[in-house]
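Here the structure comes first, spelled out in structure tokens, and everything after it is commentary.
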Amino acid sequence: MTFEENVREYLHTRSIEPTSASAHDLMCALMSALCSEQDAAGATRGSRKLYYFSAEFLIGRLLRANLINLDLLDRAQDLLQSWGTSLSEVEDAEPEPSLGNGGLGRLAACFMDSIASLGLNGCGVGLNYHYGLFHQNLSEGYQQEEPNPWIEDTSWLRDEHTTFTVPFACGDVVAKLYDIELPGYHNGVVNRLHLFDVENPAPAPTSGISFDKNDIQHCLTSFLYPDDSDEAGRLLRVYQEYFMVCAGAQLIIADAQQAGWQLDRLDDHIAVHINDTHPSMIIPELVRQLTLHGVSQDRACEIVENACAYTNHTILSEALETWNMSSIERVAPQLVDVITNLDERAKARTSDPALAIIDRDNRVHMAHMDVHFSRSVNGVAKLHTDILKNSEMNGFYNIYPDKFNNKTNGITFRRWLMGCNPMLAAAISDAIGESWKDDASHLIDLLKHIDDAAFRQKLDSIKAQNKHRLADWLQKTQGITLNRDAIFDVQIKRLHQYKRQQLNAMYAMWKYLDIKKGHIPARPLVMIFAAKAAPAYTLAKDIIHMLLCLSKLIEQDEQVRPYLQLVMVENYNVTAAEHLIPAANISEQISLASKEASGTGNMKMMANGALTLGTMDGANVEIVNLVGKDNAYIFGKTSQEVIDAYKNESYHPWDYWKSDAMIRELIDFIISPSMLAIGSSESLGRVYQDLLSHDWFMTLPDVADYISTKERCLADFENRDAWITKTIINIAHSGYFSSDRTISEYNRDIWHLDATTHEA
Ligand SMILES: *Cc1c(COP(=O)(O)O)cnc(C)c1O
């Protein structure tokens with residue numbers, strides 16, 4: 001049956017008339033027809049297979065993405081149009097799978113798309129969280145967390161009718177395997193995302209996101225990284241991590257046996273990727289299972305070290321996981337001897353106690369285990385890898401220089417340009433042809449059209465239309481009315497002090513006061529934020545509160561309102577990002593230099609024609625190297641200055657408050673009568689106190705430079721010709737940040753998989 005016949009058939013068997021079908025019915029019909037197409041496509045093959053372990057896969061909605069990859073987008077649109085509706089309406093009925101937090105999970109999702117699109121024999125391994133991270137509501141000035149259920153009767157999940165038994169100290173728990181098929185782009189192959197689940201998942205909590213963290217049998221896969229501020233929460237994470245790797249290792253061995261691969265030669269046939277430290281227990285677990293199958297301990301350790309590769313995602317020390325051995329003993333006592341044995345092997349290689357797997361307090365350092373027992377350790381942008389080599393992991397680098405390598409992150413242009421910005425994609429194809437869709441580096445050909453007046457005009461009008469689309473969407477979903485003629489200044493990412501939403505908030509206060517002083521801007525500015533805060537991260541929630549207070553303050557002020565607007569978009573997720581990114585004029589990437597490992601939001605906005613306003617941090621450095629300093633707006637302390645300031649303990653925020661009148665005015669504004677009339681003194685007081693007495697992420701030293709650079713950027717926007725030239729230069733150079741490039745490098749240097757010959 002053709003795709004169209006499958007869609008009709010689905011509706012027909014349910015006695016649904018296409019022209020009167022609901023968006024949800026049509027979504028289910030398309031989903032079901034796509035699943036038939038995917039079943040008919042071939043799996044990738046090869047003598048080696050990659051298992052990409054990640055606690056998160058922030059895959060986003062799949063309807064449009066899969067239609068694009070299977071080359072069915074136009075046909076689906078034609079069909080829906082003939083029934084009087086459109087894909088945009090229908091896809092709004094698709095719940096977004098909530099399987100990740102932010103950048104790390106989204107990276108894993110872009111990688112899945114690229115691995116399939118390059119025809120590489122690889123799969124993802126993760127967990128099937130039922131209620132996601134949480135759904136964020138912004139009501140009454142604060143973030144409220146609710147369950148985010150996404151699994152419906154018709155879903156992308158396929159029950160594989162396969163189970164594994166995970167032996168916990170508290171008893172066995174059955175791991176049930178669900179797969180999501182992920183088609184490659186125009187190559188007729190599909191890969192699989194394997195998601196493990198408990199057999200009888202608990203229903204969603206009726207309000208809020210608290211649940212019985214001790215009820216492992218039913219709640220293990222309820223939420224992603226539940227609150228770890230208490231012992232039960234921390235233990236649940238160990239349960240989740242062990243569940244994922246224990247079932248994953250059994251899957252690897254079952255696959256190997258089915259393929260007829262000898263287990264004591266397993267390193268010839270598998271690559272195991274450890275995405276951040278959450279899956280690190282795959283190392284001892286694979287050793288354990290191999291020895292159960294008769295492989296010697298020595299050989300098992302060798303196999304694991306040859307097969308595994310580890311990606312580090314952060315240098316924030318509080319994010320590098322360590323577990324008390326006593327916690328591991330309570331969850332999976334069978335790992336204690338294996339980890340102890342690995343620690344002895346590591347200690348035979350280096351006597352430096354700072355590099356041990358088990359430290360003197362009997363804590364297990366996951367990242368240390370990863371470095372000792374992986375063949376490759378990579379950072380995610382050049383600067384980040386250099387910091388790992390030269391400071392954070394210098395001790396390890398000295399003993400394993402050949403293990404360390406860089407793989408600058410990337411994004412899939414199928415989702416982040418073709419999918420979310422079809423008008424721009426069409427304009428690009430009109431100018432340079434279609435080949436950029438297979439190889440994003442061809443976007444560089446846009447430079448040949450930089451003086452083409454019609455093309456420039458088209459890009460300008462597309463940005464305006466995308467701003468209207470965003471305004472319509474925000475009106476519909478949150479009742480927010482945007483000033484459509486304003487500059488759209490966008491900071492969308494997890495809320496964290498190192499990402500410095502508080503710095504952007506200080507600009508908002510400065511601008512508010514500046515307008516009150518009578519300085520009328522040349523053009524209105526809309527400051528757009530979207531961010532979830534971790535449920536137990538008090539100060540991050542306080543910063544959200546401060547932003548919501550500022551939003552209200554500005555809105556209530558008749559003198560300022562025509563020129564400035566601050567909006568906070570609720571529940572930042574992939575769907576929201578797909579609406580926001582095509583509409584951005586300015587991409588805020590203002591982390592404290594040295595702290596953002598890479599960033600990928602920066603790449604998405606660059607590809608959609610926004611200019612970066614940022615620090616020399618993460619992949620911003622590589623963006624600036626590609627486009628040149630004149631085509632980005634860079635400010636702030638350098639990573640070296642920051643690293644030195646930490647080392648010398650030379651930064652004291654109080655000094656800035658005392659000596660700098662502007663900074664004093666802004667800091668004091670946080671707890672000024674006009675802010676306290678709107679917000680909570682407790683919450684705003686905590687932000688004020690933190691900035692004044694800790695400011696660990698050095699906001700104040702960058703404030704003045706940030707404000708003046710942002711003012712310069714806004715002034716430059718008025719030179720429309722020069723601005724459009726800059727956006728074209730940015731789009732043209734963005735091809736480097738294709739995750740296809742990143743994945744080709746992983747494969748060339750680490751995995752060594754052969755590409756499946758396409759049968760498209
Ligand atoms: C790209 C993306 C991120 C990562 O953004 P950064 O700015 O790199 O932190 C986080 N969340 C979602 C939904 C994304 O699409």
Side-chain angles (χ1 to χ4, degrees), residues 54 56-62 64-65 96-114 132-136 148 150 224-225 275-276 313-314 316 319 379-381 383-384 408-417 419-421 489-501 503-504 528-534 540 569-584 586-592 595-608 610 612-615 617-623 697 734 737-739 742:
S54 178
E56 303 182 32
F57 288 92
L58 195 53
I59 52 182
R61 288 174 173 166
L62 293 178
R64 184 181 290 267
E96 175 176 329
S98 345
L99 299 172
N101 263 291
L104 174 148
R106 185 52 234 174
L107 183 77
C110 285
F111 282 3
M112 287 298 112
D113 186 68
S114 286
L133 179 64
F134 58 86
H135 184 281
Q136 179 198 52
N148 190 184
W150 62 278
L224 165 69
Y225 299 159
N275 191 33
D276 211 338
H313 284 269
T314 177
L316 297 178
V380 289
L383 175 68
H384 169 59
T408 298
N409 281 169
I411 55 169
T412 169
F413 280 63
R414 268 98 45 196
R415 180 177 293 271
W416 295 112
L417 186 47
C420 71
N421 200 342
D489 169 49
V490 178
Q491 186 175 19
I492 48 174
K493 46 187 71 249
R494 283 304 294 266
L495 209 138
H496 201 291
Q497 287 166 284
Y498 87 80
K499 291 179 180 281
R500 299 201 299 185
Q501 281 92 352
L503 177 60
N504 202 351
I528 301 175
F529 292 85
K532 286 182 185 173
V569 177
E570 227 165 38
N571 196 44
Y572 184 50
N573 60 6
V574 175
T575 307
E578 287 164 339
H579 284 94
L580 288 158
I581 287 167
I586 300 173
S587 161
E588 296 272 354
Q589 307 299 338
I590 62 178
S591 55
L592 175 64
K595 295 296 178 188
E596 184 73 88
S598 164
T600 49
N602 46 3
M603 304 168 184
K604 297 169 197 165
M605 286 202 255
M606 174 194 194
N608 283 271
T612 302
L613 168 54
T615 50
D617 199 16
N620 297 353
V621 176
E622 286 159 77
I623 292 177
F697 296 102
S734 68
F737 297 108
S738 164
S739 47
T742 312

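Both counts, for ligands and for their atoms, begin at 1 and track the order of listing.
Taking CG from Leu580 and OG1 from Thr575, the interatomic distance works out to 11.0 Å, rounded to the nearest 0.5 Å.
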Distances for all N or O pairs of ligand 1 and the protein under 3.5 Å?
| unit_1 | atom_1 | unit_2 | atom_2 | d |
| --- | --- | --- | --- | --- |
| ligand 1 | 7 (O) | Lys493 | NZ | 2.7 |
| ligand 1 | 8 (O) | Thr600 | N | 2.8 |
| ligand 1 | 8 (O) | Gly601 | N | 3.0 |
| ligand 1 | 9 (O) | Lys499 | NZ | 2.8 |
| ligand 1 | 15 (O) | Lys604 | NZ | 2.6 |

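Qualifying side chain to side chain donor-acceptor pair (under 3.5 Å) partners for Ser591, counting only residues two or more places apart in sequence or in other chains: Asp617.
Checking side-chain atoms of Arg64 against main-chain N and O of Cys420 turns up no donor-acceptor pair under 3.5 Å.
Side-chain atoms of Asn620 and Gln589 include no donor-acceptor pair closer than 3.5 Å.
Taking both residues in full, the closest heavy atoms of Ala577 and Tyr572 are given as CB-OH, 3.4 Å, listed atom of the first, atom of the second, then distance.
Residues Ile59 and Met112 are not in side-chain contact: their nearest non-hydrogen atoms beyond the backbone lie 4.5 Å or more apart.
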